[in-house]
Asker: 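First the structure, then my questions, so here it is.
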2 protein chains.
Amino acid sequence: MRRTKEESEKTREDLLNAAVRIFSEKGVARSTLDEIAKAAGVTRGAVYWHFENKTQIFEALHERLHRPFVDMILEDLEKDHPEPMVQLRDLCIQIMLDIEKGKQRQQTLILFFMKSDYSGDLAPYKDKHREKKAESMRLFKRYIEKAKTAGKLNTQADPELLTQCISCFMKGTFLNIWITRKALILKTKRLN
Amino acid sequence: MRRTKEESEKTREDLLNAAVRIFSEKGVARSTLDEIAKAAGVTRGAVYWHFENKTQIFEALHERLHRPFVDMILEDLEKDHPEPMVQLRDLCIQIMLDIEKGKQRQQTLILFFMKSDYSGDLAPYKDKHREKKAESMRLFKRYIEKAKTAGKLNTQADPELLTQCISCFMKGTFLNIWITRKALILKTKRLN
DNA sequence: CATCATACATACATAAATGTATGGTTAAAC
DNA sequence: GTTTAACCATACATTTATGTATGTATGATG
C-alpha cells in the first residue's frame, strides 16, 4: 500500500518516537528493530526503508534533540538584557522547565545523557556529539563574557571555569532527576 | 587442571577486572561472556562456574565499588574535626583524587554512572543501587548537620538541599571528566 | 592411596536479531 | 492511462550469544 508523501514522513516520525520509547525502556543495545517497528505500527521493512540501521536511528534522534536547544539559546543571545547573569539564570531555568514539560524531549535527553554508552557501533558518534556539546558550551560562555565586559562580574572571574561549573551543576541535576525520579522544585528566587 | 583455592579466587578477580575493561569498552549489553573470559585468560566455563550470568558479574562489580567508599566516609566521620564543612570539602577532594589515581575504580565508577542504563535484565538492580546511593547521601548530610549544630553554618541552611547540590555538582563533574576526557585540575585553595 | 568434589574446558542445542532479497500495492509523473 | 518508482510487508539465510550438558584433570580429604 503505497502511502502519500506526508504519510511517509509521518511513519518516519512515528518510528523516531517509538525508538525513543523503546531505547529508554530497554537501552539502545537491547532494543530490536522489530520492537521499534511494531511500536510504530509498521514492520521492519519500513525501518530499513527510512534508516540504514539502528545506529542511524540513534543519530537522527540526536539531531532532532540538539537543534531546538541551539536555536533557543541563539535567539535568546540576541536580546539585549541589562543583567546577562540574570539572563543566563533565567535561561537555565527555562531549559529545566522545558524539559520538565516535554516528555518526549525529556526522554530523549535522558537517553543521551544516561543511556548512551557510545560503545560498539555507537563509538564513532562520541566525538561528533561531543563537538555539538562543546558548541552549546561556547554559547553559554558568551553570557558570562557579556556580563564581564559590561562590568557586572568580578574581573578575576574565569568565564571558562564558570561555564564548566554551570554545566556540571546542570548535568548533575539531570542525573539526580533520573536517579530519584522526583521532579526538582526550582526555587526561582531572585539572585540579589 | 584443578586449581588451588587461591588460584581460583584470583581467576574470579581476573574475571571481574576483565569485565570492567570489556564493559567500559563495549557497554554491558554488547559485551559477551566469551570476550570477558578470553580477556581474563580463561574460557566461558570459568565464567559460569563463578557467576550465574552476566547480570551477576554486573552486581558483583557494584558491590566491589561501593563498599570502600562507604567505609572511607564512615571512618572519616569518626574524626572530630573543628570545621565540618572544611572536612567535607577535604573529603570531596580526597574522593576526586582517589578516583583520579585508581584507574580500575575510575572505570568502574564511570561504568555505573554513565554506561549502565539499568534496562532489561539490569532493571531489578536499579532500586537496589539507588538505595545504596541514598545511604552515602545520608552520610554526606551528616557532615552538614554536624556543622549546623556546631553553629558553623547559617541557621536557615537546609542540609537536605545542600547535600543534593553537592551531589549534583560532583556528579556533573564526573560527567564532564568522562566527556572531555581531560582530568580536572582541582584547585585546592582554602575556602576563607 | 583411593575417592570425591572442585575448577575449569569443550561441545552442542536453542534462540534471537540482523541484513537482504523479493514481492506487492498504490501514489505520482508523463 | 500507462509506467515508474516510492513505500512498505514478507520470507529466508546467516550470524551470534546464551545456557547447559558433559568431559576431565587435579587438589583436597579421609
Side-chain angles (χ1 to χ4, degrees), chain A residues 1-19 21-61 115-117 119-125, chain B residues 1-19 21-61 115-117 119-125:
Chain A
M1 329 130 170
R2 162 90 150 90
R3 302 295 161 85
T4 173
K5 206 84 175 172
E6 298 81 37
E7 281 175 325
S8 170
E9 186 58 30
K10 186 186 180 301
T11 53
R12 195 191 124 96
E13 286 298 313
D14 287 347
L15 281 171
L16 287 178
N17 292 338
R21 279 220 322 277
I22 305 293
F23 282 170
S24 295
E25 287 173 13
K26 317 193 53 176
V28 178
R30 264 175 282 261
S31 300
T32 75
L33 297 182
D34 191 55
E35 285 174 315
I36 295 174
K38 275 182 179 150
V42 288
T43 68
R44 264 172 54 245
V47 176
Y48 277 101
W49 174 254
H50 286 285
F51 308 96
E52 283 184 47
N53 47 34
K54 196 175 20 175
T55 308
Q56 294 306 314
I57 300 180
F58 182 77
E59 185 60 8
L61 281 180
K115 291 173 178 292
S116 307
D117 50 16
S119 52
D121 318 323
L122 276 54
Y125 295 94
Chain B
M1 333 135 170
R2 161 92 148 84
R3 301 298 160 83
T4 174
K5 207 86 174 175
E6 298 82 37
E7 280 176 327
S8 169
E9 186 57 30
K10 186 186 180 303
T11 53
R12 196 190 124 97
E13 286 299 313
D14 288 346
L15 282 170
L16 286 177
N17 292 337
R21 281 221 320 281
I22 305 293
F23 281 170
S24 294
E25 288 172 14
K26 316 192 56 176
V28 178
R30 263 175 283 261
S31 301
T32 75
L33 297 182
D34 191 55
E35 286 173 314
I36 295 175
K38 274 180 179 151
V42 287
T43 68
R44 263 173 54 245
V47 176
Y48 277 101
W49 173 256
H50 286 286
F51 308 97
E52 282 184 47
N53 47 34
K54 196 170 28 172
T55 309
Q56 292 308 313
I57 300 179
F58 182 78
E59 185 60 9
L61 280 180
K115 292 172 180 288
S116 306
D117 50 16
S119 52
D121 318 322
L122 277 53
Y125 295 94

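Residue numbers start from 1 in every chain, and the chains themselves are labelled A, B, ... in the order their sequence lines are given, proteins ahead of strands.
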Asker: With DNA chain D as reference, determine whether A:Val47 or B:Lys54 sits nearer its 5' end, using the nearest nucleotide of each.
Answerer: A:Val47

Asker: Which comes earlier along DNA chain C counting from the 5' end, the contact point of B:Ser8 or that of A:Ser31, where each point is its nearest nucleotide?
Answerer: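 Residue closer to the 5' terminus by nearest nucleotide: B:Ser8.
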
Asker: How long is the line joining CD of A:Glu7 and C1' of C:dT25, in whole Å?
Answerer: 13 Å

Asker: Taking 4.0 Å as the cut-off, does a side-chain nitrogen or oxygen of B:Thr11 come that near to OP1 or OP2 on C:dA7?
Answerer: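 Result: no.
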
Asker: Looking at A:His50, I'd like to know whether one of its side-chain N or O atoms comes within less than 4.0 Å of OP1 or OP2 on D:dC8.
Answerer: yes

Asker: Between B:Lys10 (NZ) and C:dC8 (C1'), how many Å, whole number?
Answerer: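 After rounding, the reported distance stands at 15 Å.
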
Asker: Can you name the nearest heavy-atom pair linking B:Lys54 to B:Val28, along with the distance?
Answerer: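 Heavy-atom minimum between the residues: NZ-O, 3.0 Å.
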
Asker: What parts of residues 32-44 of chain B reach DNA chain C, counting only heavy atoms under 4.0 Å away?
Answerer: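 Within this stretch, B:Val42, B:Thr43 sit under 4.0 Å of the strand.
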
Asker: For A:Tyr48 and D:dT10, give me the distance from atom OH to atom C1', rounded to whole Å.
Answerer: 14 Å

Asker: Just wondering, do B:Glu59 and B:Thr55 contact through their side chains at under 4.5 Å, heavy atoms?
Answerer: no

Asker: Expressed as a whole number of angstroms, how long is the span from A:Lys5:NZ to D:dA5:P?
Answerer: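 Between P of D:dA5 and NZ of A:Lys5: 13 Å.
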
Asker: In whole Å, what is the span from the NZ atom of A:Lys26 to the P atom of C:dA16?
Answerer: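 The answer, rounded to whole Å, is 11 Å.
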
Asker: May I have the distance from A:Arg30 (atom CZ) to D:dT16 (atom P), rounded to whole angstrom?
Answerer: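 Value for this atom pair: 20 Å.
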
Asker: Would you please confirm or rule out a distance under 4.0 Å between OP1 or OP2 of C:dC8 and any side-chain N or O of B:Trp49?
Answerer: no

Asker: Both B:Glu52 and B:Glu6 contact DNA chain D. Which one's nearest nucleotide lies toward the 5' end?
Answerer: B:Glu52

Asker: Heavy atoms, side chains only, cut-off 4.5 Å: are A:Phe51 and A:Leu33 in contact?
Answerer: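 They are not in side-chain contact.
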
Asker: To the nearest Å, how far apart are A:Ile57 CD1 and C:dT18 C1'?
Answerer: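 Nearest whole value for this atom pair: 13 Å.
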
Asker: With a 4.5 Å limit on heavy-atom distance, are the side chains of B:Glu9 and B:Arg12 in contact?
Answerer: yes

Asker: Figure out the CZ/P separation between B:Arg12 and C:dT6, and round it to whole Å.
Answerer: 16 Å

Asker: For residues B:Leu15 and B:Ile57, determine if any side-chain heavy atom of one lies less than 4.5 Å from a side-chain heavy atom of the other.
Answerer: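 SC-SC contact between B:Leu15 and B:Ile57 ruled out.
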
Asker: Quick one: side chain to side chain donor-acceptor pair (under 3.5 Å) pairs with a partner in residues 37-50 of chain A, sequence neighbours left out?
Answerer: A:Thr11-A:His50, A:Asp34-A:Lys38

Asker: I'd like to check the side chain to side chain donor-acceptor pair (under 3.5 Å) partners of B:Glu13; sequence neighbours left out, ordered by chain and number.
Answerer: B:Arg64

